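Read the structure below first, then the notes.
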Amino acid sequence: MRPDARAWFSGRTTPARSLADLDVAALLRAKRRGGHRVSVVLPARDEEATVGRLAGELVDWWVRRVPLVDEVLVVDSDSGDRTAEVARAAGADVVAAADVLPAHGTRPGKGEALWKSLAATTGDLLVFLDADLLGDVRHYVPGLLAPLLTDPQVGYVKGCYTRPLEVDGRSVPAGGGRVTELTARPLLNALWPELAGFVQPLGGEYAGRREALEQVPFVSGYGVEVGLLVDLLGLLGLGGLAQVDLGVRRHTSQDQEALGRMAGQVVSAVLARSGSADVGGLLTQFRAGDGGFVPISTPVAVDERPPMVTVPEYRASRAGAV
């Protein structure tokens with residue numbers, strides 16, 4: 001690891017593996033002292049099985065019991081199940097991605113939901129969590145907020161964790177994060193070696209200051225996390241980024257074909273930011289059938305939204321909120 005990356009890793013990685021690692025009362029005082037408003041965002045598509053428990057837990061703990069969070073918002077991306085109904089019943093606010101900034105249309109992908117959440121929330125500090133998290137993750141929110149509340153130089157915080165892999169009823173303790181290890185990490189180490197200290201560059205749990213997040217584009221698909229990391233490095237510098245060890249992250253694992261499509265989108269986002277002018281727009285995979293191999297092509301070209309601060313409707317709404 002380069003010396004700058006090693007120094008960053010040592011100085012900017014803090015533990016928050018459980019609530020016992022955190023002084024929540026001190027964080028609450030820091031929030032009040034700074035006059036902050038906190039929004040927690042869960043982007044969701046067909047997450048009926050998990051979003052209710054997760055949203056309900058966040059609302060119960062961090063809105064009602066300890067007022068560290070001011071709003072919990074689920075952004076529903078055209079779910080075909082009861083995601084929106086279940087999340088609303090759990091106490092979360094719910095918006096359909098298509099209903100936010102409707103004049104700008106809607107696009108598929110997680111990044112689209114995250115981008116639109118900037119226009120649908122009111123906090124100056126935002127926390128993003130995937131909606132398929134399993135187990136007790138109550139400590140994630142205060143853990144991710146801690147660097148933002150205690151260090152004004154920090155503008156963006158990534159969560160890191162071990163990721164067990166659940167396959168056919170068997171659990172491999174640290175077998176998850178396959179796209180990270182086989183795609184994102186080698187690319188980032190080669191192109192932006194100062195980011196080598198990030199344990200989970202593609203992790204879906206992170207937090208940031210609105211004033212930073214609104215100044216960078218959001219890739220609409222699965223390249224959103226790597227795009228944000230690289231773009232916020234350019235905006236804030238390495239010293240403006242931090243990392244929190246959240247312990248363990250459990251979620252629903254995807255099959256190899258789905259992971260290949262995710263990797264294709266990550267590669268497209270990285271290459272676009274590396275200055276490559278000609279980035280292929282299709283990923284071709286193969287399925288074995290009785291008659292031989294069948295090619296399956298999926299679009300993976302970079303599709304991204306502009307910095308939210310450039311959107312007139314957003315600027316007008318923020319001016320009215322001040």
Side-chain angles (χ1 to χ4, degrees), residues 2 5 43 45 75 77 97 101 104-119 126 128 130 155-158 177-206 208 211-238 240-241 243 254 257-285 296-311 314:
R2 277 189 2 180
R45 178 180 173 85
V75 184
S77 298
L101 300 176
H104 294 263
T106 189
R107 301 174 184 177
K110 175 184 178 182
E112 174 81 351
L114 297 177
W115 182 72
K116 286 195 169 183
S117 75
L118 294 180
L126 289 93
F128 301 100
D130 281 348
Y156 186 61
V157 181
K158 289 285 291 185
R178 289 163 286 174
V179 176
T180 292
E181 297 305 327
L182 301 177
T183 303
R185 193 180 311 286
L187 284 170
L188 288 173
N189 275 253
L191 297 169
W192 294 278
E194 64 269 42
L195 294 176
F198 280 90
V199 178
Q200 296 289 351
L202 301 186
E205 287 63 54
Y206 41 93
E211 61 187 14
L213 295 166
E214 67 185 6
Q215 294 186 59
V216 294
F218 277 62
V219 177
S220 296
Y222 284 111
V224 61
E225 275 85 19
V226 74
L228 286 174
L229 184 58
V230 172
D231 291 342
L232 288 166
L233 171 68
L235 179 70
L236 302 171
L238 191 59
L241 310 178
Q243 178 171 249
Q254 300 196 54
E257 189 171 296
L259 292 176
R261 293 191 294 270
M262 292 173 61
Q265 294 181 38
V266 168
V267 169
S268 291
V270 168
L271 292 180
R273 279 155 177 76
S274 71
S276 297
D278 186 16
V279 178
L282 287 176
L283 171 69
T284 299
Q285 299 169 293
I296 306 294
S297 294
T298 306
V300 293
V302 174
D303 180 18
E304 63 183 40
R305 291 295 200 173
M308 186 59 80
V309 75
T310 68
V311 177
Y314 175 79

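Please read these numbers as outputs of a predicted model, since none were measured by experiment.
Applying the salt bridge (charged side-chain N to carboxylate O under 4.0 Å, His left out) criterion to Glu214, with sequence neighbours excluded, gives no partner residue. When the salt bridge (charged side-chain N to carboxylate O under 4.0 Å, His left out) test is applied to Lys110, the partners found at least two apart in sequence or on another chain are Asp130, Glu225.
When all heavy atoms of Ala5 and Pro193 are compared, the closest pair comes out as CB-O, 3.7 Å. When all heavy atoms of Ala196 and Asn189 are compared, the pair lying nearest together is CB-OD1, 3.4 Å. Tyr222 and Met262 make their closest contact through CD1-CG, 3.7 Å (heavy atoms, listed as atom of the first residue, atom of the second, distance). Taking all atoms of both residues into account, the shortest heavy-atom contact from Ala212 to Leu235 is O-CD2, 3.6 Å.
Using bins of under 30°, 30° to 60° and over 60° for the plane-to-plane angle, the ring pair Tyr206/Tyr156 lands in the tilted bin.
Within the model, atoms CG of Leu241 and CG of Leu228 stand 11.0 Å from one another, a figure rounded to the nearest 0.5 Å. Rounded to the nearest 0.5 Å, atoms CG (Leu271) and CG (Leu187) are 6.5 Å apart. The CE atom of Met308 sits 13.0 Å away from the CD atom of Gln215 when rounded to the nearest 0.5 Å. In this structure, Glu304 CD and Glu112 CD are separated by 12.0 Å, a value rounded to the nearest 0.5 Å. The CD atom of Glu257 sits 7.0 Å away from the OG1 atom of Thr298 when rounded to the nearest 0.5 Å. Atom OG of Ser77 sits about 8.5 Å away from atom CG of Leu114, to the nearest 0.5 Å.
A heavy-atom distance below 4.5 Å is found between the side chains of Arg107 and Arg305. Residues Pro43 and Trp115 are not in side-chain contact: their nearest non-hydrogen atoms beyond the backbone lie 4.5 Å or more apart. Counting heavy atoms from C-beta outward, Pro307 and Pro217 have side chains that approach closer than 4.5 Å. Under the 4.5 Å side-chain criterion, counting only non-hydrogen atoms from C-beta, Pro201 is in contact with Arg185. Side chains of Arg2 and Glu194 form a contact here, defined as non-hydrogen atoms less than 4.5 Å apart. In this structure, Leu188 and Phe198 have side chains that are not in contact, with every pair of non-hydrogen atoms separated by 4.5 Å or more. Side-chain contact between Pro299 and Leu282 is present, with at least one heavy-atom pair separated by less than 4.5 Å.
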message: If you apply the rule side chain to side chain contact (heavy atoms under 4.5 Å, CB included), what do you find for Leu238 with Leu195, and how did you get there?
response: CA-CA 8 Å; Leu238 191 59; Leu195 294 176; 4.2 Å; yes
message: Checking Leu118 against Leu126 for the side chain to side chain contact (heavy atoms under 4.5 Å, CB included) test, could you report, in this order, the C-alpha distance in whole Å, the side-chain angles of both residues, the deciding distance, and whether it holds?
response: CA-CA 9 Å; Leu118 294 180; Leu126 289 93; 3.8 Å; yes
query: Going through the checks in order, is the side chain to side chain contact (heavy atoms under 4.5 Å, CB included) test met by Phe128 and Val224?
result: CA-CA 12 Å; Phe128 301 100; Val224 61; over 6 Å; no
Full working for side chain to side chain contact (heavy atoms under 4.5 Å, CB included) between Leu232 and Leu213: CA-CA 8 Å; Leu232 288 166; Leu213 295 166; 4.2 Å; yes
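Checking side-chain atoms of Gln243 against main-chain N and O of Gly197 turns up a donor-acceptor pair under 3.5 Å. Ser268 places a side-chain N or O within 3.5 Å of a backbone atom of Val300 that can act as its donor or acceptor partner.
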